[in-house]
Amino acid sequence: MPELPEVETVRLGLAKHVIGKKIRKIQVHHSRATAPKSLAPLTSLAGAKIKGVSRRGKFLWFDLDRPEVLVAHLGMSGQFLISKASEMPQRHMRVRIDLGRMELRFIDQRTFGWLAVENTAEGVPTSASHIARDPFDSEFDLDVCVARFMAKRTEIKRALLDQEVISGVGNIYADETLWRSKVHPETRCEKMKPAKVREVILNATKVMREALAQGGTSFDELYINVNGESGYFERSLAVYGREGESCPKCHSAIRRIRFANRSSHFCPKCQPRPRA
DNA sequence: AAGGTCTCCTGAGGGC
DNA sequence: TGCCCTCAGGAGACCT
């Protein structure tokens with residue numbers, strides 16, 4: 001499940017391979033691979049030169065030698081692979097972008113990912129313009145972010161996943177962040193102290209930085225194992241996906257609850273439920 | 001208006 | 001073995 005560290009790992013890998021390359025041709029193999037909001041068919045980008053690869057939160061985009069950008073969101077299972085043109089098409093290959101000596105392929109099993117041609121405003125594509133800056137952004141403002149959390153009339157876990165409050169955090173890092181912060185996922189934002197909210201944001205930043213550092217080392221030909229089978233990253237998780245296993249801090253059994261239409265993993269002792 | 005829920009999708013895994 | 005059910009979740013549409 002690509003969250004900020006995984007998307008940043010992909011961005012770094014893409015930047016290494018595709019900057020300066022000219023898009024010769026684009027083939028689209030699945031209708032859902034092009035977002036409905038795309039201004040034009042992806043094939044219209046033939047002839048464009050890739051000038052850079054940018055990111056905000058989980059949104060990724062290719063800057064081109066024209067005003068439009070090619071935006072990508074990996075969704076649940078999207079991957080970019082650098083392949084030789086002669087290489088057999090991968091299962092679930094949705095788009096192939098001919099870059100001359102190499103090919104950039106978009107592979108996506110669950111088809112929640114998409115590509116789109118979009119305009120930008122202040123350098124940010126339309127689809128990402130409403131989301132908050134992520135904590136890796138040089139202009140990320142911690143105080144502003146704390147204020148956005150405090151203004152939310154909802155639980156901290158929901159706010160962490162709200163890309164308009166803080167971007168880049170997904171279910172895995174949200175759970176890890178709350179465990180590190182010793183905060184129960186259902187704690188109401190408005191009942192938290194600003195200093196605690198600040199701590200949560202800093203822990204989110206920290207856990208994602210640590211994951212990025214590990215993601216960088218396991219990066220192999222732009223391949224990110226979305227099923228977590230490579231293990232390097234999974235090993236450092238304290239609570240996510242560890243229901244029934246012991247908390248690394250206190251050895252209590254990790255619990256899982258259904259919440260906000262997804263799973264939340266937490267330690268019942270380190271992260272006690274707040275009083276009603 | 002803002003918060004909460006539903007929906008899109010595929011494959012894995014469990015139960016019987 | 002095969003069939004049906006549940007689960008995984010990012011983000012936007014939709015409802016209240």
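Note on naming: letters A, B, ... go to the chains in the order of the sequence lines (proteins, then strands), and numbering restarts at 1 for each one. Worth knowing before you read on, the calculation uses all heavy atoms, side chains too, and leaves out hydrogens, waters and symmetry mates.
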Quiz prompt | Residue met sooner reading DNA chain C from 5', once A/Trp114 and A/Asn261 are mapped to nucleotides | solution = A/Asn261
Quiz item: Should the pair A/His73 and A/Phe59 be assigned to parallel (<30°), tilted (30 to 60°) or perpendicular (>60°) ring geometry?
Solution: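 A/His73 and A/Phe59: perpendicular rings.
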Quiz item: Can you tell me how far NZ of A/Lys206 sits from CD of A/Glu199, rounded to the nearest 0.5 angstrom?
Solution: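 Rounded to the nearest 0.5 Å, the CD-NZ separation comes out at 10.0 Å.
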If you check every side-chain atom of [X], which of [options] has the closest atom?
{"X": "A/Phe59", "options": "B/dC9, C/dA8, C/dA11", "result": "C/dA11"}
{"X": "A/His92", "options": "C/dG9, B/dC9, B/dG11", "result": "B/dG11"}
{"X": "A/Arg158", "options": "B/dC8, B/dG4, B/dG3", "result": "B/dG4"}
{"X": "A/His73", "options": "C/dG9, C/dA11, B/dC6", "result": "C/dA11"}

Quiz item: Are the ring of A/Phe112 and the six-membered base ring of C/dA11 within the stacking cut-offs of under 5.5 Å and under 30°?
Solution: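 A/Phe112 ring does not meet the centre or angle cut-off for C/dA11; no stack.
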Quiz item: Side-chain donor-acceptor pair under 3.5 Å between A/Ser54 and A/Asp63, yes or no?
Solution: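 Per modelled atom types, A/Ser54 and A/Asp63 side chains form a pair under 3.5 Å.
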Quiz item: Does A/Arg188 pair with A/Glu190 as a salt bridge, N-O distance under 4.0 Å?
Solution: yes
Exercise. Please tell me which of A/Arg94 and A/Glu155 maps to the more 5' nucleotide of DNA chain B, matching each residue to the nucleotide holding its nearest heavy atom.
Key: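 The residue whose closest nucleotide sits nearer the 5' end is A/Glu155.
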Exercise. Using a cut-off of strictly less than 4.0 Å, decide whether A/Arg91 has a side-chain nitrogen or oxygen near OP1 or OP2 of B/dG11.
Key: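 Looking at the OP1 and OP2 atoms of B/dG11, one of them is under 4.0 Å from a side-chain N or O of A/Arg91.
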